[in-house]
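Contents: one structure, followed by commentary.
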Amino acid sequence: MFKPVPGSVSFPKLEEEVGAFWKASEIYHKSLAKREGAQPFVFYEGPPTANGMPHPGHCLTRAIKDLFPRYKTMRGYRCERKAGWDTHGLPVEVEVCKQLGIHSKEEIEAHGVEPFIQLCQKSVWRYMQEWERMTERLGFWVDLEKAYVTYHQSYVESVWWSLKNLFDRDLLYQGHKIVWWWAQGGTALSSGEVGQGYREVADPSVFVKFPLLDDDGKQTDTSLLVWTTTPWTLPSNQFAAINPKLSYCNVFDEETEETYIVATDLVETLEGKLKRPLKKVAELDTSGLIGSHYRPPFDCYYDKSRSDEWKVVAADFVTTDSGSGVVHQAPAFGEVDYDVLVQQREVSGSDIPLINAVGPDGKFTDEAPEFVRGRWVKECDKDIIRNLKERGLLYHQEQYLHDYPFCWRAEDDPLIQYPRESWFIKTTAFKDAMLENNQQINWLPEHIKGGRMGKFLESNVDWALSRERYWGTPLPIWECSSCGRQSAVGGYDELEAKPNVSGFEVWEAAKKKNPELPEDLKIHKPYIDAVEFDCEHCGEGRMQRVTEVIDCWYDSGAMPFAQWGYKGQDIGEAKERFESQFPADFISEALDQTRGWFYSQLAISTMLFGEDRGSRDEGRESDASPRPAPPYPHPFKNCIVLGLMLSEWYEDKKDAKKLYLTEEEAKAACGKKGFRHAVGKMSKSKRNYREPNEIFDRYGADALRWYLFANQPPWTSIRYSEEAIKDSIPEFLLRLWNCYSFMVIYANIDEWDPAEECGVRNSECGMLDASVFAKAESYRPVFDRDEIDRWILSELNRTVALVTERMDAYDNFGACGAINEFVDALSNWYVRRSRDRFWAKDKRATDKLDAYWTLYECLLTTTKLIAPFVPFLADAMWQNLAGVFQEGARSEGPGASANEPSSLDPRSSILFPESVHLCDYPEPHTALVDEELSERMALVRLISSLGRRAREMENLKVRQPLSKVEVILANTRQQAWLEEHAGVIADELNVKAVEYSDQPEKYVDHQVLPNFKLLGKKLGKLMPKVKAALDQASGSELLANIRDNGRINLSVDGQEIELLPEEVEVRITAKEGYASANDKGVVVVLATELTPELVAEGTARDLVRAIQDTRKEKGCEFTDRIEVGIVSDDETVLAAVDQFADYVAGETLSDSVKLGEIAGVTPIEITHGDVTVKLYIKVKK
RNA sequence: GGGUGCGUAGCUCAGUUGGUUAGAGCGCAGCCCUGAUAAGGCUGAGGUCCCAAGUUCGAGUCUUGGCGCACCCA
């Protein structure tokens, strides 16, 4: 016996039970144990940070990350899923600062780095529980207990090892980076922080004369007209940039009597500003101009160095949108300006110094012109302009409105771009290798490859690795205090073995003071900073660690090896784990990770394990890359790039602040039309989305998962639409549940039990498929069963094949579509059409047993099919459907089985998979797929639907039988099919006969159209005329032509044209005046005349429905028997009872159906058409 | 300013190598069916396929140029 299925089901409750069962029975571990030794399917978890609340967007990533590993596991692969946590970085520090109520680095230092990082370490786990609960509740199977954590010592050491490798290969170097600098706070700001602080301000916009020098270094009478909006950077000028693609000219200004060089296109604009004409003297050869020398506006550096360093350079970022087409370059204060310097260094082969007249405090240094020294740069703009004016170098000045960033913590402080010493990884040396690697990755959607990722790689710049912060992986570089030479350290033990090493006592003291401190902190600031040792280079100084930590993106990008603590070992577990789990078959994150985790992984892997390691001959110690060096792609082969998650809500039209998450709620609060629909970014403050936990409680994880998988390809932007999540219950989950519930109800009534049928209860029964079922005598070969059985099994196997194909292509959307279509066919055609067979009296009728086996097999296979998608529902169904094979050996239900002893060997005490997740994914039985049968059944369904449409239009209820339906088909091949299915159609449409009209002309018009696809090439330009000719000719004549001659002959434009039958398409349309409907080459015509017999039968059916309703209202069991009495003075009712009493009795489980009252029973009044009938129904107990 | 993606029904989206009646779901209006049904089915209204030009016998689909939106970068 199956466990009875409750009348109404709560999916959230069911899921809690299934989840508890998984936990207690260790199903996840068993699913791995089962695949011991199998081919691995490698998955990498992109580590989230747990110091923020999990967000609906994380549900999507985690759901997709769960889906494919589950699928691949069922397909026979072994898929480990090691969880991971990203724990370092500025966001953590900011959280802690908030907690402490401090901002700047000075304040952190004042508070003490040691207590600060201890707080950071704790803060990392703030929302751990919420994350674990969300992960579990969503059904994301991942090994949380063995999660990798980026601050753990083994992880940090692994990162160190990789950095040492890069350092030793001369790929790690120090340089300048231009950052957005908060001078007052003494810190750089991240791009996110900068983005928050943009404000529109008016800055000066000045045109300054830079006199050109002749070959002897003498000033000429021609000046570059140079534009800038940051006059304070002029003392640090190093170049003037022009765009060689623009044209430039000399203009003579009669007022100043000087000649200037400007972009030709800007002359007119300039004239407008000056309100006087300029005289164009000559077009200039830009290539000749490039390299020309000029005199910079201030001499503070000019005097001290070689004058030929100030020159005109080419730069394509110069535009004619504003300014003069000649742009002032101060490499210290602009990223693009700095790039120009780097280029010039390369071109000249000399180390041109970076000129910087400003200190880190934002004040001019003593190198600056005297009148600005020691002053905040932004305050000096005016004085600098005045000074230029006095010296005759200022040509024009105005105000310029633009957006400029201010500090988000001190909003009066403008930020400045400022050079900081920084460590870089020479990723540019690997640009081609990364591009090649990228080329081999299967990106979904595909456009990421050549688009966002490809373009990003094309414009690769060296990775600025270091951060002047506290909570992060310390940069493992030690520098000699005496000779200044540097060494990289690849591990803690390596450090301990250094000559005369000291400083470990700082950690030991801290640990002694607070034994609770995690060991992992010893490799962090400030403890690690105390460790120093004798210089290996000069033997005199002490080696001390540089102060920086590294970019936490490097941490996460190192996870392919760092998760195992791999440090290039030749043997051992770390090596084996790493090598067997590299590269990943599958990863998935959202689009924003393109420049984040996707890039950091790709870059690190290409540099460390690449085919082309950018071999360099001047490596410091060794230039060997670590093993392995597998072919591209690595470290991941397939990557689903998820779209952004948006939210959907409803706003009160009168007050947009009032918002509702479902239309229902909005309607209740604002009336039917008092609200508007909105889609947009999720916002915590707006609260325009429902927390994941609440979604789980209201609708369940499966509803959410199905919504995420089935409603759109995962890379389009996905709305977190509560409405749509809710809809996935009736549209899919409940529909399937109803089929399952139907099966269980009737199987139990009929005492049909597959295990008993097979005689294999509690013994070996494999994966519960046809090979086991065939042991049952009642399990007949599919080919002997009813057509509808063969049909649904054909659909099932077609679906299995399609789903497998789609999932192998990482197309969950397509797979879900196929599953959904199948469940719809099962529910709305198979079960509905087969109900009579389940209700048949003879419990052992072959036809009935066929139906049970067919439905059972469909359901069981479906549970396996949907297991990766909706794992809870699938397992709940499986427990009951398959559970009968284990009766007695199992306790009741998933929740109750928590007491079972746990065993990691799925075969030891369990004879069949105790969970659907331990099953193999179904294989399609192609022999059972019958495409023609699918097509036929589709036609039958189409005819039924057309028939109902015709009834609808004539207002003829389906309950009223009609004498016949006539069907006209455009495709004569289909006629024979129909004859075989007449019974089904007659039944569906409630007609006595299905006929094929011998006078189609009476009901339909024929239209012959050219088959454009076939004829397009043959006819070319004649096409429209042929179409017109066919239009004009009589359809039935053309048809007769085809019938008699096998072709159509036309004369078009004096040309004889012959059309073969396959070159035309025949359409039929129903004529007016009949109860008919048509579509896709089918016309259905209903006979509408009613005889008294038909009316009586219709009435009888109406009575059946009324009695059934009453049974239901009275709460009858399906098997309760009743007595029926009917009182009416209507002739048709009397006739109906007279003629169809047996029929009514049979349909309603009545022992008797008679005219007249039943004593002691309160009658129920029903209406049939416009007459009233009294029903007496007595339930027999 | 540059890059990438996207503009199809009131909303959210499908739409095969270009083929002539552009589909689905939701919503709206109306109806039907129902002893598996918190279901299901049918019908209706609703479309300048963002605009323009081009290629072609034929363009939602291809090309070019606009316009608009989103994201990333500057």
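All heavy atoms count here, side chains included; hydrogens, waters and symmetry mates do not.
The same atom, P, is picked in B/A59 and in B/C73; the two are 41 Å apart, to the nearest Å. If you take atom C1' in B/C51 and the same atom in B/C69, they sit 15 Å apart, rounded to whole Å. Taking the C1' atoms as reference points, B/U56 lies 14 Å from B/U20, given to the whole Å. To the nearest whole angstrom, the two P atoms, one in B/G15 and one in B/G23, are 15 Å apart. A distance of about 10 Å separates the C1' atoms of B/C33 and B/C42, rounded to the whole Å. As rounded to the nearest Å, B/C49 and B/U61 have P atoms that lie 10 Å from one another. Spacing of P atoms, B/G68 relative to B/G27, comes out at 35 Å, to the nearest Å. Comparing B/G30 with B/U37, their C1' atoms are spaced 22 Å from each other, to the whole Å.
Pair assignment for B/G25: B/C11, on the basis of Watson-Crick or G-U wobble contacts that are both within less than 3.5 Å. Pair assignment for B/U48: none, as no Watson-Crick or G-U wobble contacts are both less than 3.5 Å. Remark: B/G68 base-pairs with B/C6; criterion is Watson-Crick or G-U wobble with both hydrogen-bond distances under 3.5 Å. B/G30 is paired with B/C42 under the Watson-Crick or G-U wobble criterion, all donor-acceptor distances under 3.5 Å.
Taking every side-chain heavy atom of A/Ser741 into account, B/A36 is the closest of B/A36, B/U20, B/G40. Of the candidate nucleotides B/A36, B/U4, B/G40, B/U4 has the atom nearest to the side chain of A/His447. Side-chain atoms of A/Arg595 lie closest to B/C72 of the nucleotides B/A38, B/U20, B/C72. Comparing atom distances between the A/Lys1027 side chain and each of B/G25, B/A39, B/U20 picks out B/U20 as nearest.
Taking side-chain N and O atoms only, A/Arg832 has no distance below 4.0 Å to OP1 or OP2 of B/U34. Residue A/Trp839 places at least one side-chain N or O under 4.0 Å from the OP1 or OP2 atom of B/A36. Distances shorter than 4.0 Å separate some side-chain N or O of A/Tyr746 from OP1 or OP2 on B/A36.
One cannot find a donor-acceptor pair under 3.5 Å joining the base of B/A39 and the side-chain atoms of A/Ser827. One cannot find a donor-acceptor pair under 3.5 Å joining the base of B/U34 and the side-chain atoms of A/Arg1101. Side-chain atoms of A/Arg452 come within donor-acceptor range of the base of B/C71, with a qualifying N/O pair under 3.5 Å.
Nucleic acid contact class of A/Phe838 (heavy atoms, under 4.0 Å, all strands): none. Among the protein residues, A/Asn738 comes within range of the nucleic acid bases, having at least one heavy atom under 4.0 Å from a base atom.
Taking the six-membered ring for Trp, A/Phe742 and A/Phe838 have ring centres closer than 6.0 Å. Not less than 6.0 angstrom separates the ring centroid of A/Tyr746 from the ring centroid of A/Trp752.
Rounded to an integer number of Å, the gap from A/Asn990 CG to B/C32 C1' is 13 Å. As a whole-Å value, the separation of A/Leu859 CG from B/A36 C1' is 11 Å. A/Arg833 places its CZ atom 13 Å from the P atom of B/U34, with the value rounded to the nearest Å.
Between A/Trp706 and A/Phe732, the angle of the ring planes stays under 30°, which puts this pair in the parallel group of the 30/60° scheme. Aromatic ring pairs are classed by plane angle as parallel below 30°, tilted from 30° to 60° and perpendicular above 60°; the pair A/Tyr689 and A/Tyr720 is perpendicular.
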Run the salt bridge (charged side-chain N to carboxylate O under 4.0 Å, His left out) check on A/Glu988 and A/Arg832 step by step: do they pass?
CA-CA 10 Å; A/Glu988 273 295 308; A/Arg832 196 165 65 77; 3.2 Å; yes
